2 protein chains.
Amino acid sequence: MKDVAQIAGVSVSTVSRVINNNIPVDKETRLKVEEAIRQLRYKPNLLAKGLRLRSGGIIGLVVPEIIHQTFVNFIHYVEESVVDSGFELILGNTHGDPEKEERFIDSLIRRNVDGIIFSRVSDQSRVLNILEKTNIPIVIIDRFLENENIPSIVLDNYKAGLLAGQHLVQYHHRKIACITGPLNIALSRERLKGFKAALSEAGAILPDDFIYEGDFKFESGLAAVEKFLSDEIEMTAIWAQNDMMAIGALKVLNQHGIQVPEDISLMGMDNISSSEMITPALTTITQPFQEMCQKAVNVIINRKGKKELAPSRIVLEPSLIIRDSTCPLLRESVC
Amino acid sequence: MKDVAQIAGVSVSTVSRVINNNIPVDKETRLKVEEAIRQLRYKPNLLAKGLRLRSGGIIGLVVPEIIHQTFVNFIHYVEESVVDSGFELILGNTHGDPEKEERFIDSLIRRNVDGIIFSRVSDQSRVLNILEKTNIPIVIIDRFLENENIPSIVLDNYKAGLLAGQHLVQYHHRKIACITGPLNIALSRERLKGFKAALSEAGAILPDDFIYEGDFKFESGLAAVEKFLSDEIEMTAIWAQNDMMAIGALKVLNQHGIQVPEDISLMGMDNISSSEMITPALTTITQPFQEMCQKAVNVIINRKGKKELAPSRIVLEPSLIIRDSTCPLLRESVC
DNA sequence: TTGTAAGCGTTATCAT
DNA sequence: ATGATAACGCTTACAA
């Protein structure tokens with residue numbers, strides 16, 4: 001920068017003004033400076049700028065896992081929004097470990113990040129307390145926090161369950177099994193609640209042995225159906241609370257020669273890419289990932305500078321995608 | 001830092017020495033300083049450090065795409081290695097656009113990054129030239145560059161083709177179709193070359209109409225089989241150069257009532273997670289992603305500081321995973 | 001409109 | 001072993 005100033009025959013402050021062009025600079029001097037910049041291939045250093053401005057030009061994204069479609073979606077769309085807003089993205093994988101969470105957050109703070117987006121903070125983590133002391137904008141995505149006054153972006157999971165239930169009920173199913181996520185996670189409970197509501201609205205009930213508590217992984221989809229079958233549960237449809245488990249369920253149904261959707265209708269949730277690639281393509285519930293991520297970044301950018309955080313909870317809507325894995329239940333059981 | 005020094009009754013330089021503990025400090029002073037640090041909850045600022053040291057503590061990862069299993073693997077394992085080595089990861093998605101590549105690289109440079117890992121630079125990009133002028137360690141992953149003396153980590157794609165071919169040949173297949181990636185990409189050509197070599201070793205040939213040039217996407221798997229079938233190609237096996245296309249192929253085969261593997265054996269490559277979830281589980285070729293990423297980070301760390309880059313090409317080996325989608329071809333055509 | 005100079009928070013050199 | 005100080009490269013009062 002000094003060199004640029006020298007060559008252009010001006011002072012460094014003028015160079016700075018040209019670069020940031022927030023303060024009026026004479027046209028001619030500007031041209032001289034720009035020429036010098038080109039000539040020297042000068043690139044302003046971002047660390048120096050960040051140090052001075054107390055703003056690193058960086059947004060941190062914290063995920064508990066990377067190889068998992070949901071988080072891949074977050075990474076993808078958050079990166080997009082972050083870059084669109086002129087920042088860069090630092091990515092950290094915590095493996096759900098509070099200690100790693102803390103270490104990562106710590107270094108983000110020390111980098112003067114402009115904001116932090118968390119997806120699924122672990123409950124035991126102290127990071128939120130740590131962060132409340134700083135005034136770094138922060139937003140939680142995809143995770144409902146009871147008592148925190150921290151902005152968050154969540155899906156209406158009750159609605160998701162409702163949509164799933166309504167779809168199956170509308171197809172005349174009454175004996176429906178459900179494979180849930182871990183029930184100590186609020187989102188699984190919400191989905192289940194909505195699902196039950198849809199059934200009971202149609203006069204159907206969901207007995208306990210029609211519910212299998214999975215963990216959102218493929219294997220628990222397998223296990224769920226094994227269990228249903230060995231218990232001789234008579235069901236005409238299954239809803240798995242995510243596609244991964246639905247795909248597991250499908251695998252076991254196939255193995256037992258049970259046709260989907262002819263014998264049993266099956267639906268999932270998330271609309272992961274495999275869900276439309278498998279046969280039959282999966283009926284599913286989709287989440288507005290892109291919108292969630294954009295809002296998350298916006299919350300951060302809007303809150304920048306403002307001392308007081310206006311804690312907000314933005315709730316977004318899921319929607320139904322009907323494909324080939326569900327079909328109306330007929331007397332003749334023909335699709 | 002000044003505050004810490006004040007409270008501990010020492011100078012800032014001493015505080016610095018305590019923190020970095022590279023230079024001997026009296027035990028007692030050290031304790032005093034550490035106490036002061038705790039008391040003030042002092043966290044050294046990484047931007048200032050990076051500015052001073054010309055080393056941002058950051059490694060950049062450049063990918064052309066995020067929602068794609070291969071790059072998800074890279075992101076996952078690179079993040080892991082980067083963090084293990086005490087750095088942080090900045091992630092940039094270029095969408096294969098040379099201009100975005102350039103912008104991203106530019107800001108990495110301006111952040112004094114300690115290294116850059118590229119997966120699949122676009123050929124037209126000028127970034128490599130730009131980077132050659134700096135002495136930022138850089139390594140290319142998963143992409144063979146002809147004339148560059150830049151370190152790279154690649155898979156032995158010829159070997160991958162060979163393995164695929166040998167497996168099918170060993171199962172007595174002779175009429176085998178192949179769905180390739182874009183043939184303007186070296187890696188697709190290498191795979192094809194290896195594949196052909198395996199076939200011809202067994203006295204089989206691969207006629208041109210048994211080859212379909214895809215683009216590694218699901219849809220091109222669909223299109224390929226449609227083409228084969230409408231051309232009435234008589235094949236007993238298909239190799240798709242990645243799992244995505246194999247899954248597409250499977251879908252169309254299913255739609256036409258063709259059983260895999262009873263009627264046609266099918267194999268893919270990459271070992272993406274869906275490949276073992278679908279029915280039948282896909283026989284595939286797997287890449288040592290974790291090792292590739294670790295090596296990439298190591299190359300960067302080893303090269304740091306050294307002026308002269310020792311251009312290296314590290315070649316890693318693929319391996320075969322036999323699952324349910326391929327079976328030996330028998331006279332009776334029973335599996 | 002432009003220049004001067006202080007300061008952002010470190011580390012490294014040089015004395016002591 | 002420790003302290004004073006310059007420097008890293010930028011922005012921004014303040015002065016001119």
Side-chain angles (χ1 to χ4, degrees), chain A residues 1-34 36-37 40-58 86 106-114 134-136 304-305, chain B residues 1-34 36-37 40-58 86 106-114 134-136 304-305:
Chain A
M1 184 151 166
K2 241 187 286 182
D3 302 343
V4 174
Q6 178 136 30
I7 293 209
V10 298
S11 74
V12 285
S13 28
T14 303
V15 176
S16 172
R17 286 171 192 130
V18 168
I19 289 168
N20 296 305
N21 82 67
N22 25 356
I23 285 165
V25 169
D26 190 82
K27 253 212 162 95
E28 247 180 85
T29 24
R30 145 158 289 132
L31 286 175
K32 278 191 300 183
V33 171
E34 281 167 347
I37 288 178
L40 293 177
R41 284 200 181 72
Y42 163 72
K43 317 236 182 239
N45 182 296
L46 291 174
L47 296 188
K49 176 171 183 165
L51 177 60
R52 178 65 228 244
L53 259 42
R54 293 186 158 65
S55 150
I58 285 185
D106 200 64
S107 50
L108 290 181
I109 296 174
R110 295 167 56 191
R111 279 190 197 287
N112 298 358
V113 288
D114 299 282
T134 77
N135 69 337
I136 296 178
K304 262 197 62 182
Chain B
M1 183 150 167
K2 241 189 280 181
D3 302 342
V4 173
Q6 178 136 29
I7 292 210
V10 298
S11 75
V12 285
S13 12
T14 304
V15 176
S16 173
R17 287 173 193 131
V18 168
I19 289 168
N20 297 305
N21 85 67
N22 26 357
I23 285 164
V25 170
D26 191 80
K27 253 213 163 90
E28 249 180 85
T29 25
R30 148 157 287 136
L31 286 175
K32 277 192 299 185
V33 171
E34 280 167 349
I37 288 178
L40 292 177
R41 284 202 182 70
Y42 163 72
K43 317 237 182 239
N45 183 296
L46 291 173
L47 295 188
K49 178 173 182 163
L51 177 60
R52 180 64 231 242
L53 259 43
R54 293 187 156 65
S55 149
I58 285 183
D106 200 63
S107 49
L108 289 180
I109 296 173
R110 295 168 55 192
R111 278 187 199 289
N112 298 1
V113 289
D114 299 282
T134 79
N135 68 337
I136 296 178
K304 262 195 62 183

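What you see is a predicted model, and the numbers here were worked out from it, not measured in a lab. Order of the sequence lines fixes the chain letters, A, B, ..., with proteins taken first and strands second; residue numbering starts at 1 for each chain.
Taking 4.5 Å as the limit, every side-chain heavy atom of Tyr42(A) sits out of range of all side-chain heavy atoms of Ile7(A). For the pair Arg17(A) and Val33(A), the minimum side-chain heavy-atom distance is 4.5 Å or more. Val10(A) has its side chain out of reach of Val18(A): every pair of non-hydrogen atoms, C-beta onward, lies at least 4.5 Å apart. Taking the side chain as every heavy atom from C-beta outward, Pro44(B) and Arg110(A) approach each other to under 4.5 Å.
Closest approach to the Arg17(A) side chain among dT1(C), dG3(C), dG9(D) is made by dG3(C) (side chain taken as heavy atoms from C-beta onward). Closest to the side chain of Val10(B), out of dT2(D), dG9(C), dG3(D), is dG3(D). Residue Tyr42(A) places its side chain closer to dC10(D) than to any other of dC10(D), dT10(C), dG9(D). Across dA6(D), dT2(D), dC8(C), the shortest atom-to-atom separation from the side chain of Arg52(B) is found for dA6(D). Of all nucleotides listed (dT2(D), dT5(D), dC10(D)), dC10(D) comes nearest to the side chain of Asn45(A). In this structure, the nucleotide among dT11(D), dC8(C), dA1(D) sitting nearest to the side chain of Pro24(B) is dA1(D).
If you check every strand for non-hydrogen atoms under 4.0 Å, Leu53(A) touches sugar and phosphate atoms only. Contact annotation for Lys27(A): no contact, since no heavy-atom pair falls under 4.0 Å across all strands.
dT10(C) atom P lies 16 Å from atom CG of Asn112(B), rounded to whole Å. Per the geometry, CZ belonging to Arg110(B) stands 19 Å off P belonging to dC8(D), to the nearest Å. For the pair Leu46(A) CG and dC10(D) P, the interatomic distance rounds to 9 Å; values are reported in whole Å. Remark: C1' of dG3(C) and CE of Met1(A) are 12 Å apart, rounded to the nearest angstrom. Between Asn20(A) atom CG and dT11(D) atom P the separation is 5 Å, expressed in whole Å. With rounding to whole Å, Arg111(B) atom CZ is found 14 Å from dC10(D) atom C1'. Nucleotide dT1(C) holds its C1' atom 15 Å from the CG atom of Asn21(A), rounded to whole Å. The distance from atom CG of Asn22(B) to atom P of dA1(D) is 13 Å, rounded to the nearest whole Å.
OP1 and OP2 of dA4(D) both lie 4.0 Å or more from every side-chain N or O belonging to Ser11(B). The phosphate of dT1(C) (OP1 or OP2) has no side-chain N or O of Arg30(A) nearer than 4.0 angstrom. Here Thr29(B) reaches the OP1 or OP2 of dT2(D): one of its side-chain N or O atoms lies under 4.0 Å away.
Between Lys32(A) and Glu28(A) there is no salt bridge, since no side-chain N of the basic residue sits under 4.0 Å from a carboxylate O of the acidic one.
Between the side chain of Arg54(A) and the base of dG7(C), no donor-acceptor pair under 3.5 Å is found. Counting atom types as modelled, Ser13(A) pairs a side-chain N or O with a base atom of dT4(C) as donor and acceptor under 3.5 Å.
When atom types are taken as modelled, the side chain of Asn20(A) and the backbone of Asn22(A) share no donor-acceptor pair closer than 3.5 angstrom.
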